Amino acid sequence: MTADKTTSAPIVRFAPSPTGYLHIGGARTALFNWLYARGRGGKFLLRIEDTDRERNNEAAVAAILDGLKWLELDWDGEAVSQFARGDRHRAIADELLARGAAYHCYCSPSEIEAAREQAKAEGRPQIFLSPWRDRDPKDAPTDIKPVVRLKAARDGETIVNDHVQGRVVFPNKDLDDLIIVRSDGNPTYNLAVVVDDHDMGITQVVRGVDHLTNTARQTQIYLGMHWTVPEFAHVPLIHGPDGAKLSKRHGAQAVQDYRAMGYLPVALRNYLVRLGWSHGDDEIISTEQLLEWFDIDGIGKSAARFDFKKLEDLNGHYIRHSSDDELVTRLIDLLPEIEGGTTIDAKIDAAMRAKLVRAMPSMKERAKTLLELIDGAQFLFSARPIARDEKAEKILDADARATLKALHTRFTAVTEWTSTALEDEVRSYSEETGAKLGKVAQPLRAALTGRAVSPPVFDVLDVLGREESLARIADCVT
RNA sequence: GCUCCCUUCGUCUAUCGGUUAGGACGCGAGAUUUUCAUUCUUGAAAGAGGGGUUCGAUUCCCCUAGGGAGCGCCA
């Protein structure tokens, strides 16, 4: 889509319904909108589609805003409440009524349901054709509150020229008359979305394909009001690894779930944007590059499966390339959200934070998520005598303990407690005794960290410090 | 059932009719290495099926199969 199609900068929006958290598919839609607007000096607006009062939920709104903030997708101005604009929507409904483009329908929900059932039984399309479309309003019952329906065209076809889906043609006979105002007087989503997009000056509507059929029906509202129809881009859905619609079963739908799993926002954005969009063979793309390169016309039509392995790989890359300080900040921020995190959080003071920062260079090389980073830092959090896992115990046999005893003596004599000095010490010990370096390093690792796997032992010695290191080694000797 | 959409390695994708069908994740092998990881080298792996159009189809058209979305006084 070329920016000069509309003479000014684009105005796009993300319009979630407050029925739950920010879904990962919604997050990608928001990302696409954000990239498009920010990359072209346009506006990215946020609107909460809360016309259904029974489903409105303040916690859900908060969760959605929280998710967007975490993903670092900032929007322009305040989030707009669709419900708050109800008067405006009703005014438009009245105008459509006055123009003969809409009518009152007195059918009850049960009548409609029965008609649908019958249509289904007879193998006909399950669309409801209201008898009130052509009936004389004078016949209207006085004891029933009607809904307002759009008087949609019955002949011809409605064409949606979509930037992703292409030219999609819907026969009008398959489109029924949308309810635009409920019997309780509240406008429905289908009316509100059109009025709001129009009033907000939205130039490109980028949303999920599940809205495609609605678009055809909504187009008739634009036509009825003689409004300019915006450009559309309906992006495909994201499926779970098994190809089915992403659901609770797949473990993670909400962006907050991904935060809790230790993913970085920049990694999730990079992963998400590549689901459906690409720029040649580029895989790791900085946000700056994305802003420059992203284009709606480059989005593919087919649905994509979510691949956690690839996300993990990208996350590992971004962790390795993050600054030590940023990682420690994110790691600490994550603690309240994870199991057992508060216990660790209580141990974080300035000294611990400094240790973490110093340990980061060697730790971030070996972590794919912040969770792994936290797990890898356990040796810093544990107090003596430290717990050892099975593999560590196995390493610490009699020979290993003898080696540790010798090392303890040597380390005590070391004047400069640095990783290089200690490494020299260990290397000379292994040369003198003829023991392989691994035979010396593993017992050390087990004694210092309680595990068979850790960052390089000399870095561990360094970060732990002389006193703590010697004490942990001594714990294994006696 | 009706309408619409989709279909290249297991997964995400590149290819704007002519390529040994490329890259990435994952997987296999090897190198580096104090563990793990990183890094590097390397291997296996794809055009759903059938018809057309064309000198030539992964690419354009049609059919079939499979998958998805929609068909609410939800959004």
Side-chain angles (χ1 to χ4, degrees), chain A residues 15-19 49-52 54-55 82 105 107-109 112-113 116 119-128 145-149 160 162 164-166 168-171 173-176 179-184 186 188-190 192-193 207-214 216 234 236-237 239 241 243-245 271 274-284 300-314 316-317 320 362-368 372 376 391 395 423 426-427 430 436-442 444-446 449 451-458:
Chain A
S17 62
T19 46
E49 313 257 272
D50 53 357
T51 55
D52 185 347
E54 286 178 20
R55 298 194 189 192
Q82 191 157 66
C105 169
C107 295
S108 69
I112 297 170
E113 177 63 21
R116 283 211 180 90
K120 190 176 179 180
E122 291 173 13
R124 284 185 289 112
Q126 294 169 59
I127 57 169
F128 179 71
K145 289 201 176 244
V147 299
V148 180
R149 282 185 187 273
V160 178
D162 194 277
V164 170
Q165 303 295 326
V168 186
V169 181
F170 295 91
K173 65 176 172 56
D174 296 323
L175 271 19
D176 56 2
I179 291 179
I180 56 176
V181 180
R182 299 180 175 89
S183 53
D184 67 1
N186 277 321
T188 62
Y189 157 79
N190 276 303
V193 71
R207 70 214 321 185
V209 263
D210 47 333
H211 287 281
L212 189 61
T213 333
N214 282 334
H234 287 88
L237 270 21
H239 291 159
K245 192 173 172 179
Y271 177 72
R274 281 286 292 100
L275 238 41
W277 178 86
S278 62
H279 183 270
D281 283 342
D282 294 298
E283 295 287 348
I284 291 168
K301 289 197 213 180
S302 49
R305 298 187 187 203
F306 201 95
D307 182 4
F308 282 93
K309 285 289 189 189
K310 188 149 185 177
L311 204 211
E312 203 163 77
D313 177 72
L314 276 171
H317 174 269
R320 272 173 262 133
S362 57
M363 284 183 49
K364 70 184 178 189
E365 287 292 318
R366 27 187 63 73
K368 292 206 161 49
E372 289 182 18
K391 285 177 181 168
I395 290 169
E423 179 166 357
V426 170
R427 283 191 187 276
S430 85
K436 281 186 187 170
L437 197 53
K439 272 289 180 189
V440 186
Q442 282 306 86
L444 262 182
R445 193 187 314 283
T449 68
R451 297 185 185 182
V453 175
S454 84
V457 275
F458 308 113

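If you're wondering where the values come from, they're calculated on a predicted model, not measured in any experiment. Within every chain, numbering begins at 1; the chains are lettered A, B, ... in the order of the sequence lines, protein sequences first and strands thereafter.
- When atom types are taken as modelled, the side chain of A:Lys301 and the backbone of A:Gln165 share a donor-acceptor pair closer than 3.5 angstrom.
- In this model, no side-chain donor or acceptor of A:Thr213 finds a partner on the base of B:C4 within 3.5 Å.
- Look at the P atom in both B:U39 and B:A24: the space between them is 12 Å, to the nearest Å.
- A:Ile127 places its CD1 atom 17 Å from the P atom of B:G1, with the value rounded to the nearest Å.
- Atom name P, nucleotides B:U59 and B:U8: the rounded distance is 12 Å, in whole Å.
- With hydrogens and angles left out, the side chain of A:Asp313 and the base of B:A24 share no donor-acceptor pair within 3.5 Å.
- In this structure, a donor-acceptor pair under 3.5 Å is present between the side chains of A:Ser454 and A:Arg445.
- Heavy atoms of A:Arg320 sit under 4.0 angstrom from primed sugar atoms or phosphate atoms, though from no base atom.
- Minimum heavy-atom separation, A:Phe170 to A:Leu175: CB-CD2, 4.1 Å.
- The partner of B:G18 is B:C55, judged by Watson-Crick or G-U wobble contacts that both fall below 3.5 Å.
- Listed candidates were B:U11, B:C4, B:U35. Nearest to the side chain of A:Asp307 is B:U11.
- A:Glu283 comes within 4.0 angstrom of a base, heavy atoms only.
- Without hydrogens or angle criteria, A:Asp50 side chain to A:Gln82 main chain gives a donor-acceptor distance under 3.5 Å.
- Atom pair A:Glu54:CD and B:A75:P shows a separation of 10 Å (rounding to whole Å applied).
- The base-pairing partner of B:C25, taking Watson-Crick or G-U wobble contacts with both distances under 3.5 Å, is B:G10.
- Checked against B:A75, B:U34, B:C12, the side chain of A:Ala304 finds its nearest nucleotide in B:C12.
- Nucleic acid contact class of A:Val457 (heavy atoms, under 4.0 Å, all strands): base.
- With a 3.5 Å ceiling on both atom-pair distances, B:A37 lacks any Watson-Crick or G-U wobble partner.
- At B:A75, none of the side-chain N or O atoms of A:Arg55 fall inside 4.0 Å of OP1 or OP2 (strictly under the cut-off).
- Atom CG in A:Leu175 sits about 15 Å away from atom C1' in B:A69, given to the nearest Å.
- At B:A75, one or more side-chain N or O atoms of A:Thr51 fall inside 4.0 Å of OP1 or OP2 (strictly under the cut-off).
- Between A:Phe306 and A:Val147, the residue anchored nearer the 5' end of RNA chain B, judged by the nucleotide with its closest heavy atom, is A:Phe306.
- Across all strands shown, B:U3 pairs with B:A69; the Watson-Crick or G-U wobble distances both stay below 3.5 Å.
- Comparing B:A69, B:G23, B:U35 by their nearest atom to the side chain of A:Lys310 picks out B:G23.
- Residue side chain A:Asp210 does not reach the base of B:G70 through any donor-acceptor N/O pair under 3.5 Å, judged by distance alone.
- Comparing B:U7, B:C36, B:U34 by their nearest atom to the side chain of A:Phe458 picks out B:U34.
- Between A:Lys301 and B:C6, a side-chain N or O to OP1/OP2 separation shorter than 4.0 Å is present.
- A:Phe170 comes within contact range of the sugar-phosphate backbone alone, with a heavy-atom separation under 4.0 Å but no base atom that close.
- Counting only heavy atoms from C-beta on, A:Gln126 has its side chain closest to B:G1 among B:G23, B:U34, B:G1.
- Remark: A:Lys310 does not engage A:Asp307 in a salt bridge, criterion side-chain N to carboxylate O under 4.0 Å.
- With distances taken from any side-chain atom of A:Gln82 to the nucleotides B:U38, B:C4, B:A75, the minimum falls on B:A75.
- Following rounding to the nearest Å, A:Leu311 (CG) and B:G26 (C1') show an atom-to-atom distance of 14 Å.
- Within the structure, every side-chain polar atom (N or O) of A:Lys309 is placed at least 4.0 Å from both OP1 and OP2 of B:A24.
- The minimum heavy-atom distance linking A:Val164 with A:Gly300 is given by the pair CG1-O, 3.7 Å.
- Rounded to whole Å, the distance from CG on A:Asp281 to C1' on B:A21 is 12 Å.
- Only the C1' atoms considered, B:C12 is 26 Å distant from B:G70, to the nearest whole Å.
- The interatomic distance linking A:Trp277 (CH2) with B:A14 (P) rounds to 11 Å, in whole Å.
- As rounded to the nearest Å, B:G50 and B:A65 have P atoms that lie 15 Å from one another.
- Closest to the side chain of A:Tyr189, out of B:A75, B:C12, B:U35, is B:A75.
- Going from atom CG of A:Asp174 over to atom C1' of B:G1 covers 12 Å, rounded to whole Å.
- At the phosphate of B:G67, neither OP1 nor OP2 sits under 4.0 Å from any side-chain N or O atom of A:Arg305.
- Taking every side-chain heavy atom of A:His239 into account, B:G68 is the closest of B:G68, B:C12, B:U3.
- Look at the P atom in both B:C40 and B:G49: the space between them is 36 Å, to the nearest Å.
- Where A:Pro18 and A:Arg366 each meet RNA chain B at their nearest nucleotide, the meeting point lying more 5' is that of A:Arg366.
- If you check every strand for non-hydrogen atoms under 4.0 Å, A:Lys368 touches sugar and phosphate atoms only.
- Considering A:Asp210, A:Asp162, A:Thr213 in turn, A:Asp162 is the only one that fulfils the side chain to side chain donor-acceptor pair (under 3.5 Å) rule with A:His234.
- If you take CD of A:Gln442 and P of B:U35, they are 7 Å apart, rounded to a whole angstrom.
- In terms of heavy-atom proximity, A:Lys173 sits nearest to A:Ile127 at O-CD1, 3.2 Å.
- Among the heavy atoms of the strands, none lies under 4.0 Å from A:Cys105.
- Across B:G26 and B:U41, the matching P atoms stand 15 Å from one another, rounded to whole Å.
- A gap of 15 Å separates the P atoms of B:U58 and B:U53, to the nearest Å.
- Close to B:A75, at under 4.0 Å from its OP1 or OP2, lies no side-chain N or O of A:Arg207.
- Side-chain N or O atoms of A:Ser430 include none that pairs as donor or acceptor with a backbone N or O of A:Leu437 at under 3.5 Å.
- Regarding contacts with the backbone of B:U35, every side-chain N or O of A:Ser454 stays at 4.0 angstrom or more from both OP1 and OP2.
- Nucleotides B:A48 and B:A21 are separated by 15 Å at their P atoms, to the nearest Å.
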